[in-house]
Chemist: 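Dumping the structure here so I can ask a few things about it.
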Amino acid sequence: MKLSLTPKLSTFLKPSSALAPPHLRRSISSSSLSLSPPPPPPQPTSPTPKTPLFLRPPIHPATTSDLQQWHHWAKTLASSVGSSFADSDNGPDSTLLLRELKWLVDDAVHQENLENGEGKIRLRVSLEEMYLLWKQRIEERRPFQYVVGCEHWRELVLCVQEGVLIPRPETELVVDLVGEAVEGNEGLREGLWADLGTGSGAIAIGIARVLGSCGRVFATDLSPVAVSVAGFNAERYGLQDVVKLRQGSWFEPLKDVEGELAGFVSNPPYIPSDNISGLQAEVGRHEPRVALDGGVDGMDDLLHFCRGAASMLRPGGFFALETNGESQCKYLVDYMENEARGSFCNLSIIPDFAGIHRFVTGFRK
């Protein structure tokens with residue numbers, strides 16, 4: 001099963017395809033005045049994440065005829081959309097919706113007794129809820145990933161839900177950029193890393209798999225829902241001892257490791273505020289605005305990282321930031337070369353899968 005928001009994302013959709021993780025924008029604190037680094041902040045209790053459909057037990061009985069009746073209704077509803085969503089805001093057309101319908105069946109129906117000869121089956125969600133879920137998908141434009149509770153990203157299947165940004169394909173490149181940075185550099189591979197605004201934990205988990213048993217990744221997010229979901233995903237892949245979750249805004253939960261990071265990455269909010277209302281309905285209506293809205297010009301959080309990177313990274317430390325495109329990339333590089341002169345080296349602008357200048361990388365001098 002392969003999940004996708006739409007076949008195509010607009011320039012202003014955080015591509016990873018991406019719009020990114022949740023957090024508030026706060027100015028970075030200055031270096032601590034204490035003689036010893038402060039202890040890590042106490043972590044509040046996070047809510048329990050919702051279980052994706054494919055992980056739920058098949059405890060709901062139904063008949064094949066009832067399932068067929070539901071499927072006919074759902075198929076008719078999807079077909080009625082035609083190209084209307086695509087024409088209005090680049091949303092999904094009927095072809096994609098019908099593909100999603102198949103994926104929903106794959107996740108919801110216990111396949112082993114689909115053909116048991118008695119016309120009886122077992123579902124992972126009740127048939128009544130399947131009617132509700134598909135109605136939400138079409139009539140409310142609820143993202144399919146929220147409907148089934150997961151997204152396929154790299155080789156992972158990640159739990160996602162309302163309040164957590166859905167990871168996009170373009171953001172997969174951030175993990176590749178980290179892999180290139182640590183290749184042949186054991187100092188970076190064995191160091192402390194941070195994924196700021198982790199959302200579902202996608203990047204943090206990807207980096208942890210690249211680092212192997214040597215490294216450690218802090219994953220921070222302001223949202224308690226995101227922290228809970230990211231922790232669930234890390235545990236599913238046996239990385240709970242490598243990926244350490246901390247709730248808070250950007251660098252704020254990492255004061256105890258100031259100046260010690262081997263690297264940090266982020267896919268922050270970078271969409272200009274005035275462009276949020278024009279986003280595809282699945283994104284603008286349902287994904288957390290705090291994970292999308294980057295301020296008037298989309299640069300608020302990106303510039304926050306530029307101002308804080310020098311104090312958080314150790315000498316030789318690496319960073320990678322996802323942006324909205326070429327103009328933001330050029331602005332960041334210019335800022336670091338001039339306003340933060342002498343702090344960084346080997347600054348680069350990296351394109352995404354579509355050839356759009358999407359990422360800025362560099363090293364602390």
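The figures that follow rest on heavy atoms only: side chains count, while hydrogens, waters and symmetry mates do not.
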Chemist: Would you check if Tyr335 and Val360 make a side-chain contact, meaning some heavy-atom pair closer than 4.5 Å?
Modeler: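 Counting from C-beta outward, Tyr335 and Val360 never come under 4.5 Å.
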Chemist: Honestly curious: do Ile59 and Leu55 fall in one hydrophobic cluster under the side-chain, below-4.5 Å linking rule?
Modeler: no
Chemist: With a 4.5 Å heavy-atom cut-off, do Pro167 and Leu158 have their side chains touching?
Modeler: yes
Chemist: Is Leu132 reachable from Val125 through a run of I, L, V, M, F, W or Y residues, each pair having side-chain heavy atoms under 4.5 Å apart?
Modeler: no
Chemist: I'd like to know if Glu282 and Arg141 make a salt bridge, using a cut-off of under 4.0 Å between side-chain N and carboxylate O.
Modeler: yes
Chemist: Under the side chain to side chain contact (heavy atoms under 4.5 Å, CB included) rule, what do Gln145 and Cys150 come out as? Steps first, then yes or no, please.
Modeler: CA-CA 5 Å; Gln145 290 87 339; Cys150 68; over 6 Å; no
Chemist: Crowded around Gln69 CD? As in, over 12 foreign heavy atoms under 6.0 Å?
Modeler: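 Not more than 12 within 6.0 Å, no.
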Chemist: Is there a donor in the side chain of Glu235 and an acceptor in the side chain of Gln240, or the other way round, less than 3.5 Å apart?
Modeler: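 Their side chains do not contain a donor-acceptor pair, so the 3.5 Å distance test is not met.
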Chemist: Under 4.5 Å between any side-chain heavy atoms of Arg137 and Glu100, yes or no?
Modeler: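 They are in side-chain contact.
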Chemist: Do Phe144 and Trp73 sit in the same hydrophobic cluster, where Ile, Leu, Val, Met, Phe, Trp and Tyr count as joined when their side-chain heavy atoms come under 4.5 Å apart?
Modeler: yes
Chemist: Is it true that Tyr146 and Gln161 share a donor-acceptor pair across their side chains at a distance under 3.5 Å?
Modeler: no
Chemist: Tell me whether Asp107 is salt-bridged to Lys102, with the criterion being a basic N under 4.0 Å from an acidic carboxylate O.
Modeler: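 No, Asp107 and Lys102 are not salt-bridged.
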Chemist: Above 12 or not: heavy atoms from other molecules or residues under 6.0 Å from CG of Asp334?
Modeler: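 Counting other residues, nucleotides and ligands, CG of Asp334 exceeds 12 neighbours.
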Chemist: Give a yes or no on whether a salt bridge exists between Arg154 and Asp176, defined as a side-chain N under 4.0 angstrom from a carboxylate O.
Modeler: yes
Chemist: Under 4.0 Å between a side-chain nitrogen and a carboxylate oxygen: does that hold for Arg209 and Glu155?
Modeler: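 Yes, Arg209 and Glu155 are salt-bridged.
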Chemist: Atom SG of Cys306 and atom OH of Tyr331: how far apart are they, to the nearest 0.5 Å?
Modeler: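 Reported to 0.5 Å precision, the distance equals 9.5 Å.
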Chemist: Under a 3.5 Å distance rule, please check whether His71 uses its side chain to pair with a backbone N or O of Asp66 as donor and acceptor.
Modeler: no
Chemist: Side-chain donor-acceptor pair under 3.5 Å between Asp195 and Thr198, yes or no?
Modeler: yes
Chemist: Hey, does Ile276 have a side-chain heavy atom less than 4.5 Å from the side chain of Ile271?
Modeler: yes
Chemist: Go through the steps for Ser266 and Phe305 under the test side chain to side chain contact (heavy atoms under 4.5 Å, CB included), then give the verdict.
Modeler: CA-CA 9 Å; Ser266 186; Phe305 290 136; 3.4 Å; yes
Chemist: Taking atom OH of Tyr237 as the centre, does the number of heavy atoms from other residues, nucleotides or ligands within less than 6.0 Å exceed 12?
Modeler: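 It does: Tyr237 OH has more than 12 such atoms within range.
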Chemist: Would you say the side chain of Gln247 lies within less than 4.5 Å of the side chain of Thr220, judging by non-hydrogen atoms?
Modeler: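 They are not in contact (no side-chain heavy atoms under 4.5 Å apart), so the answer is no.
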Chemist: We want to know whether Asp293 and Ser273 form a side-chain donor-acceptor pair, criterion being a heavy-atom distance below 3.5 angstrom.
Modeler: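 Checked: Asp293/Ser273 side chains pair up, N/O donor to acceptor below 3.5 Å.
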Chemist: Determine whether Ile349 and Leu332 make a side-chain contact, defined as any pair of heavy atoms from C-beta on separated by less than 4.5 Å.
Modeler: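 Counting from C-beta outward, Ile349 and Leu332 never come under 4.5 Å.
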Chemist: Determine, stepwise, if the pair Leu196 / Phe319 fulfils side chain to side chain contact (heavy atoms under 4.5 Å, CB included).
Modeler: CA-CA 11 Å; Leu196 306 174; Phe319 71 87; over 6 Å; no
Chemist: Does some side-chain heavy atom of His110 sit less than 4.5 Å from a side-chain heavy atom of Ile121?
Modeler: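 No, too far: nothing below the 4.5 Å cut-off.
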Chemist: Report yes or no: do Ile203 and Phe353 belong to one cluster of Ile/Leu/Val/Met/Phe/Trp/Tyr joined by side chain heavy-atom distances under 4.5 Å?
Modeler: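 Same hydrophobic cluster.
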Chemist: Would you call Glu186 and Arg189 a salt bridge, using N to O less than 4.0 angstrom?
Modeler: yes
Chemist: If we check ring-ring contact (aromatic ring centres under 6.0 Å, His included) with Phe264, which of these qualifies: Trp193, Phe363, Phe218, Phe251?
Modeler: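 It is Phe251, the one option of Trp193, Phe363, Phe218, Phe251 that forms the ring-ring contact (aromatic ring centres under 6.0 Å, His included) with Phe264.
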Chemist: Would you compute the distance between atom CD1 of Ile350 and atom CD1 of Ile356 and round it to the nearest 0.5 angstrom?
Modeler: 15.0 Å
Chemist: Is there a side-chain hydrogen bond (donor to acceptor under 3.5 Å, both in side chains) between Glu322 and Tyr270? Walk through the geometry before answering.
Modeler: CA-CA 8 Å; Glu322 182 169 326; Tyr270 54 57; 3.0 Å; yes
Chemist: More than 12 heavy atoms of other residues, nucleotides or ligands under 6.0 Å from CD of Glu183: is that the case?
Modeler: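 It does not: Glu183 CD has 12 such atoms or fewer within range.
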Chemist: Does a side-chain heavy-atom distance below 4.5 Å link Asn275 with Leu279?
Modeler: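 Result no, sub-4.5 Å side-chain heavy-atom pair not found.
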Chemist: Is it true that Glu326 and Lys330 make a salt bridge, defined as a side-chain N closer than 4.0 Å to a carboxylate O?
Modeler: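 The answer is yes: the pair qualifies as a salt bridge.
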Chemist: When rounded to the nearest 0.5 angstrom, what distance separates CG in Leu156 from CD in Glu172?
Modeler: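 Rounded to the nearest 0.5 Å, the CG-CD separation comes out at 8.5 Å.
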Chemist: Determine whether Glu162 and Arg142 satisfy the following criterion, salt bridge (charged side-chain N to carboxylate O under 4.0 Å, His left out), listing intermediate values before the conclusion.
Modeler: CA-CA 10 Å; Glu162 275 81 0; Arg142 186 185 182 200; 2.7 Å; yes
Chemist: Has the side chain of Asp89 got a donor or acceptor atom that lies under 3.5 Å from a matching backbone atom of Ala281?
Modeler: yes
Chemist: Evaluate the criterion salt bridge (charged side-chain N to carboxylate O under 4.0 Å, His left out) for residue pair Arg99 and Asp93; output intermediate values, then yes/no.
Modeler: CA-CA 10 Å; Arg99 198 179 309 151; Asp93 61 10; over 6 Å; no
Chemist: Is the shortest side-chain N to carboxylate O distance from Glu170 to Arg358 below 4.0 Å?
Modeler: no
